[in-house]
Number of protein chains: 2
Amino acid sequence: MSGREKVSKSKRGRPRSIEPQEVAVVALQLFEQEGYEGVTMEQIAEKASVSRRTLFRLFPSKVDLLWGGAEEILDVVKERVKALPSGKMTLKEFVYDLLMPALGRLDEPWLASLARRRLRLIMASPALLDHAALHEMRLFLADLIRSRVSPQKAPPELLAGSIASVAFAAILWWAQLDESPMSVQEAFISAFSSLAEVSSLAQEADVSA
Amino acid sequence: MSGREKVSKSKRGRPRSIEPQEVAVVALQLFEQEGYEGVTMEQIAEKASVSRRTLFRLFPSKVDLLWGGAEEILDVVKERVKALPSGKMTLKEFVYDLLMPALGRLDEPWLASLARRRLRLIMASPALLDHAALHEMRLFLADLIRSRVSPQKAPPELLAGSIASVAFAAILWWAQLDESPMSVQEAFISAFSSLAEVSSLAQEADVSA
DNA sequence: TACACTTTTGACACTTGGTGCCAAAAATAT
DNA sequence: ATATTTTTGGCACCAAGTGTCAAAAGTGTA
């Protein structure tokens, strides 16, 4: 669904003429200059010195050029899950032990700047905002909550959707910042903290439209 | 951005050959039969007895055929805002007096069924999940919070993004239901309620990756 | 009725994202 | 050398979306 596909095991066959990662960087620069919609795949291909067809093989769709780094976040969660003791955990543990470390990845200096540049472009084009990567994330989290988190009031799918959405909202907000003021993790906590004020009323809610 | 554009004031000129709403219904039926991607705009145009060009004039993009009903939700918020006393409100009031009534619109019987059908198709195609309508919603809510809600710990943009996201997650989850079990509003409250458990820990959070 | 005006319609050509297919290129293994 | 493997790129094609423009189909006025 995004750059760097399966790495060929055997040393045989014609080698890559270019690393997908480099192509994504070329595209990013072009997008920043001319805007996402102002750049055609043909232009990217030309600047990256590959054919249009090859470009589409490296990045099945144009949006993948910007969303390519998204699985790295999900990968962190998956790694942590592997190293998890069997049995159920609380929702708190789920958020703090699995989700927070994944968000922390964005705060790593070498990635933060690149991620911000990508996310700013994504925010500028509503068509880019959602993506298969996010969808996959929701499904994965829902599975995880269903199987590994002790039962909650709300159903797993709803929880996964909510939490993932808040996380993404935090990421988007963070991306607008210039450098330091707040980390992704702090933004995430801050969002939750403010939501607590609202949810504290949930019990006594009268749903009279 | 979606069906039914500006209604022509003067009675002059050639009348519409078809109501956009009817076209959207035709499209919805086709999508349900063949899947969103399995139906071309040409097929929709033919079945609706308009030209392809006219179809694109009524619905600037294919996704608008499904997202067309979205502004109705936002309209409710806008109406309520107009009738609002001057001065600031709390975040609770913001959620319960402005957002909840808007969500309640989806629970109206005549719309619920149609909305579910649309949303199920939207969920089935990741490419459809986000849309300009959602983006607009986030921006609008951020503006609203900034101007009309008393200051919170988290910045307005982050709050707007989080709350809108949770609302949308609740809507998506609700759409999967068959008929009655829970209303959109109840799902929204339920999501918040479960998030409260997590956010209660926010104060003592140690952000050690 | 005739004419002006207004608005919608549909036809055509064009750009762009995306895909299927296949032969050529470029490497390795025997 | 030759077979095998893998990437490349050219070509044709489909579908979404846009600009342009003349024709169609109504209303208002003389």
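The figures here come from the full heavy-atom set of this structure, side chains too, leaving out hydrogens, waters and symmetry mates. So you know, we letter chains A, B, ... as the sequences are listed, proteins then strands, and number each from 1.
Interface remark: the A:Arg53 side chain does not form any donor-acceptor pair with the C:dG18 base, using a distance-only criterion of under 3.5 Å.
Look at CZ on B:Phe59: it is 21 Å from P on D:dA15, rounded to the nearest Å. Taking atom CZ on A:Phe56 and atom P on D:dT8, their separation rounds to 16 Å, with Å as the unit. One atom, CZ of A:Arg52, and another, C1' of D:dT8, lie 15 Å apart when rounded to the nearest Å. With rounding to whole Å, B:Leu65 atom CG is found 10 Å from D:dA16 atom P. One can place CZ of B:Arg16 at 15 Å from C1' of C:dG10, the figure rounded to the nearest angstrom. To the nearest angstrom, P of D:dG17 lies 8 Å from NZ of B:Lys62. Protein atom CG of A:Leu58 is 16 Å distant from nucleotide atom P of D:dT6, rounded to whole Å.
Put simply, the residue from A:Leu103, A:Asp107, A:Leu106, A:Leu177 that forms a side chain to side chain contact (heavy atoms under 4.5 Å, CB included) with A:Ser183 is A:Asp107.
B:Arg146 and B:Glu157 are joined by a salt bridge, as a carboxylate oxygen and a charged side-chain nitrogen come within less than 4.0 angstrom of each other.
Once rounded to the nearest 0.5 Å, the distance linking CE of B:Met41 with OG of B:Ser61 reads 7.0 Å.
Annotation: proximity of residues 28-42 of chain B to DNA chain D (heavy atom, distance under 4.0 Å) is found for B:Val39, B:Thr40, B:Met41, numbered in ascending order.
Within the 4.5 Å cutoff, the side chain of B:Trp174 has no heavy atoms near those of the B:Met182 side chain. At least one side-chain heavy atom of A:Leu28 sits less than 4.5 Å from a side-chain heavy atom of A:Glu32. Side-chain contact between B:Leu66 and B:Tyr36: present, with at least one pair of heavy atoms (C-beta onward) separated by less than 4.5 Å.
The phosphate of D:dT8 has neither OP1 nor OP2 within less than 4.0 Å of any side-chain N or O from A:Ser51. Within the 4.0 Å cut-off from OP1 or OP2 of D:dT8, at least one side-chain nitrogen or oxygen of A:Ser17 is found.
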Walk me through whether B:Arg116 and B:Asp178 qualify under side-chain contact (heavy atoms from CB on, under 4.5 Å). CA-CA 9 Å; B:Arg116 274 202 175 94; B:Asp178 282 321; over 6 Å; no
Stepwise side chain to side chain donor-acceptor pair (under 3.5 Å) check, A:Ser190 with A:Ser193: CA-CA 5 Å; A:Ser190 175; A:Ser193 177; over 6 Å; no
How far apart are the C-alpha atoms of A:Ser162 and A:Ser165, what are their side-chain angles, what is the distance that settles it, and do they pass the side chain to side chain donor-acceptor pair (under 3.5 Å) test? CA-CA 5 Å; A:Ser162 303; A:Ser165 296; over 6 Å; no
Nucleotide by nucleotide, nucleotides 21-30 of chain D touches protein heavy atoms under 4.0 Å in the pattern (B base, S sugar-phosphate only, - none) ---BBBBS--
